[in-house]
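For reference, the structure discussed in these notes is given below.
All heavy atoms count here, side chains included; hydrogens, waters and symmetry mates do not.
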Amino acid sequence: MTVESTAARKPRRSAGTRKSPSTKPELVQLLTPEGKRVKNAEYDKYVADITPEELRGLYRDMVLTRRFDAEATSLQRQGELGLWASLLGQEAAQIGSGRALRDDDYVFPTYREHGVAWCRGVDPTNLLGMFRGVNNGGWDPNSNNFHLYTIVIGSQTLHATGYAMGVAKDGADSAVIAYFGDGASSQGDVAESFTFSAVYNAPVVFFCQNNQWAISEPTERQTRVPLYQRAQGFGFPGVRVDGNDVLASLAVTKWALERARSGEGPTLVEAYTYRMGAHTTSDDPSKYRADEEREAWEAKDPILRLRRYLEASNHADEGFFAELEAESEALGRRVREAVRAMPDPDRFALFEHAYADGHALVDEERAEFAAYQASFTDGEGA
């Protein structure tokens with residue numbers, strides 16, 4: 001008897017037997033893909049006083065962030081960076097949430113939050129040092145209240161929770177925000193963070209950018225309910241926001257941060273968005289997702305959405321867009337020049353701080369490495 005025939009006799013659970021929520025997940029949206037403003041009784045007040053200048057500022061943030069991201073991708077393809085994780089398609093979620101923050105709030109990013117870094121005043125060129133291999137981060141986290149990028153998936157949520165608990169004990173009224181993706185939501189560190197933040201009522205916002213794909217794994221392979229609903233099991237609220245809507249992302253994050261600052265504890269925000277590009281430059285998304293899916297999401301492009309609204313509302317003219325295009329190109333040139341001008345790191349720096357008081361084995365390794373390096377200058381190993 002073949003394996004196939006044996007398996008065929010066993011009852012299988014079909015995809016249709018999986019339980020699902022009885023109602024369609026709610027999605028907070030203030031700006032439709034066509035650029036039309038829609039009302040929301042709960043969240044309108046958080047953007048009610050936004051000015052045309054501020055709207056143009058949000059558009060500028062997204063355009064320049066995308067331009068920087070595109071330049072970084074090109075630099076990697078040309079061998080100037082070892083790797084790059086693109087944010088293409090996620091600009092609204094990052095800029096909206098980033099602009100909701102106060103200066104005294106603290107951010108714990110993962111490795112794709114280039115837009116949030118922009119909002120926190122981190123020079124874009126500093127983000128590239130790690131990906132070029134010349135430093136371990138490139139900026140002082142305490143200068144901008146923006147922690148270094150975290151490569152270990154989901155661990156920054158624990159750091160954020162602990163920091164938020166400290167903020168509460170200090171009696172400060174600031175908040176903490178932790179960014180992570182839908183893939184990281186399956187990590188144990190994230191669940192542990194939810195538990196501690198709920199029990200200790202920590203002033204932290206968990207901001208999950210659900211871009212539909214954890215590398216090659218779709219969200220439905222990781223969860224049987226919408227991600228924001230997981231918060232209910234830990235005892236705090238969760239909300240799903242249109243992550244391609246910068247106004248909705250701004251409003252919902254403002255609401256969540258106010259809850260945190262006022263002592264109401266944690267919130268889970270699921271920004272429902274899409275990763276238009278590859279997971280990283282080492283990935284080929286054409287191997288696991290359909291072009292039709294990407295094209296459908298491109299029609300919901302966050303930048304085009306806000307541009308349509310600005311034009312329909314007469315909040316921006318062609319002169320504004322032309323000036324921004326020139327600024328965008330200038331940013332691209334500056335980034336390219338800065339990366340190519342980065343000095344090589346001290347090759348022996350990796351042996352520093354391995355042990356607080358030094359170690360004989362490290363000394364031996366340093367000597368062996370020095371001999372190896374010297375072989376390239378004296379002709380023995382060239």
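In this structure, the side chain to side chain contact (heavy atoms under 4.5 Å, CB included) partners of Ala256, at least two apart in sequence or on a different chain, are Val205, Thr267, Val269. Checked against side-chain hydrogen bond (donor to acceptor under 3.5 Å, both in side chains), Asp363 has the following partners two or more places apart in sequence or in another chain: Arg366. Evaluation of the side-chain hydrogen bond (donor to acceptor under 3.5 Å, both in side chains) rule for Arg132 yields Glu80 as partners, not counting sequence neighbours. Thr110 meets the side chain to side chain contact (heavy atoms under 4.5 Å, CB included) test with Glu113, Gln156; sequence neighbours excluded. In this structure, Glu365 has no salt bridge (Lys or Arg N to Asp or Glu O under 4.0 Å) partners at least two apart in sequence or on a different chain. Scanning for salt bridge (Lys or Arg N to Asp or Glu O under 4.0 Å) contacts around Glu264 gives Arg259, with sequence neighbours left out. Legend: residues meeting side chain to side chain contact (heavy atoms under 4.5 Å, CB included) with Ala175, ordered by chain and number and at least two apart, are Asp105, Leu257, Ala260, Arg261. Here Asp189 pairs with nothing under the salt bridge (Lys or Arg N to Asp or Glu O under 4.0 Å) rule; sequence neighbours left out. Under the salt bridge (Lys or Arg N to Asp or Glu O under 4.0 Å) criterion, Arg77 pairs with no residue at all, not counting sequence neighbours. Every residue meeting the side-chain hydrogen bond (donor to acceptor under 3.5 Å, both in side chains) condition with Asn244, not counting sequence neighbours, appears here in chain and number order: Thr273. With sequence neighbours left out, Tyr106 forms a side-chain hydrogen bond (donor to acceptor under 3.5 Å, both in side chains) with Asn142.
Salt bridge Asp317/Arg56: absent, no basic N to carboxylate O contact under 4.0 Å. A salt bridge links Glu329 to Arg67: at least one charged side-chain nitrogen sits closer than 4.0 Å to a carboxylate oxygen. A salt bridge is defined here as a Lys NZ or Arg NE, NH1 or NH2 lying under 4.0 Å from an Asp or Glu carboxylate O, and Arg102 with Asp173 meets this definition. A salt bridge between Arg307 and Glu311 is present, with a side-chain N of the basic residue lying under 4.0 Å from a carboxylate O of the acidic one. Ionic pairing of Asp123 and Arg334 is present here: one or more N-O contacts between side-chain nitrogen and carboxylate oxygen are shorter than 4.0 angstrom. By the 4.0 Å N-to-carboxylate-O rule, Arg308 lies too far from Glu34 to be salt-bridged with it.
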I would like to know whether Glu298 and Arg294 meet salt bridge (charged side-chain N to carboxylate O under 4.0 Å, His left out); could you show each step before the answer? CA-CA 6 Å; Glu298 285 177 347; Arg294 176 181 51 78; 2.8 Å; yes
Are His147 and Trp139 close enough, and set up right, to give a ring pair (Phe, Tyr, Trp, His ring centres under 6.0 Å), and what steps lead you there? CA-CA 9 Å; His147 201 269; Trp139 64 92; 8.9 Å; no
Would Phe321 and Tyr59 count as a ring pair (Phe, Tyr, Trp, His ring centres under 6.0 Å) here? Give the steps. CA-CA 10 Å; Phe321 295 117; Tyr59 183 82; 5.4 Å; yes
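Using a 4.5 Å heavy-atom cutoff, the side chains of Pro109 and Val116 are not in contact. The shortest side-chain heavy-atom distance between Arg336 and Arg333 does not fall under the 4.5 Å cut-off. The shortest side-chain heavy-atom distance between Arg347 and Gln373 falls under the 4.5 Å cut-off. Between Asn145 and Asp103, the closest side-chain pair of non-hydrogen atoms is not below 4.5 Å. Inter-residue side-chain proximity for Val28 and Asp242 is flagged as unmet; no heavy-atom pair is nearer than 4.5 Å. Using a 4.5 Å cut-off on side-chain heavy atoms (C-beta onward), Leu250 and Val246 make no contact.
Taking CZ of Arg99 as the start and CG of Asp61 as the end, the distance is 4.0 Å to the nearest 0.5 Å. Taking CE of Met276 as the reference point, atom CD of Gln212 lies at 11.5 Å (rounded to 0.5 Å). Of the inter-residue distances, the one linking Glu91 atom CD with His114 atom NE2 reads 10.0 Å to the nearest 0.5 angstrom. Rounding to the nearest 0.5 Å places CZ of Arg66 at 3.5 Å from CD1 of Ile303. The distance from atom CE of Met62 to atom CG of Leu306, rounded to the nearest 0.5 Å, is 4.5 Å. How far OG of Ser74 is from CG of Leu81: 10.0 Å, rounded to the nearest 0.5 Å.
Note: Phe108 and Tyr163 meet the aromatic proximity criterion, with ring centroids under 6.0 Å apart. Annotation: Phe68 is not in aromatic contact with Trp118 [ring centroid separation under 6.0 Å not met]. Checked against a 6.0 Å centroid threshold, the rings of Tyr272 and Trp297 count as neighbours. Separation of the His279 and Tyr288 ring centroids does not fall under the 6.0 Å cut-off.
Under the 3.5 Å distance criterion, the side-chain polar atoms of Gln94 are left unmatched by any main-chain donor or acceptor of Ala117. The backbone N or O of Lys36 sits less than 3.5 Å from a side-chain atom of Thr32, completing a donor-acceptor pair. Checked by atom type and distance alone, the side chain of Glu293 never pairs as donor or acceptor with a backbone atom of Ala290 at under 3.5 Å. Although no hydrogens or angles enter the test, the distance criterion places no donor-acceptor pair under 3.5 Å between the side chain of Ser249 and the main chain of Gly96. Remark: the backbone N or O of Asn144 is paired with a side-chain donor or acceptor of Arg120 at under 3.5 angstrom. Not one N or O on the side chain of Thr150 forms a donor-acceptor pair closer than 3.5 Å with the backbone of Val152. For Asp283 (side chain) and Ala278 (main-chain N/O), no donor-acceptor pair under 3.5 Å exists by modelled atom type. Without hydrogens or angle criteria, Thr125 side chain to Val335 main chain gives no donor-acceptor distance under 3.5 Å. With Thr280 contributing its side chain and Ser282 its backbone, the two residues share a donor-acceptor pair below 3.5 Å.
In summary, of the residues considered (Asn211, Asn210, Thr65), a side-chain hydrogen bond (donor to acceptor under 3.5 Å, both in side chains) with Gln90 occurs for Asn211 alone. The side-chain contact (heavy atoms from CB on, under 4.5 Å) test with Pro141 is passed by exactly one of Val107, Val122, Leu148: Leu148.
When all heavy atoms of Ala164 and Pro203 are compared, the pair lying nearest together is O-CD, 3.2 Å. Of all non-hydrogen atoms in Leu268 and Phe194, the two that sit nearest each other are CD1-CZ, 4.1 Å.
Under the 4.5 Å side-chain heavy-atom criterion for ILVMFWY residues, a single connected hydrophobic cluster contains both Val63 and Tyr309. Neither Phe180 nor Val239 shares a network with the other; the hydrophobic side chains, linked directly or stepwise wherever heavy atoms of I, L, V, M, F, W or Y lie under 4.5 Å apart, form separate groups for each. Each of Trp213 and Ile215 belongs to its own hydrophobic cluster when Ile, Leu, Val, Met, Phe, Trp and Tyr are linked at side-chain heavy-atom distances under 4.5 angstrom.
Residue Phe196 shares its hydrophobic cluster (ILVMFWY side chains chained together at separations under 4.5 Å) with Met165, Val199, Tyr200.
Ring geometry for Tyr149 against Phe146 counts as perpendicular: the plane angle is over 60°, on a 0 to 90° scale with 30° as the lower cut.
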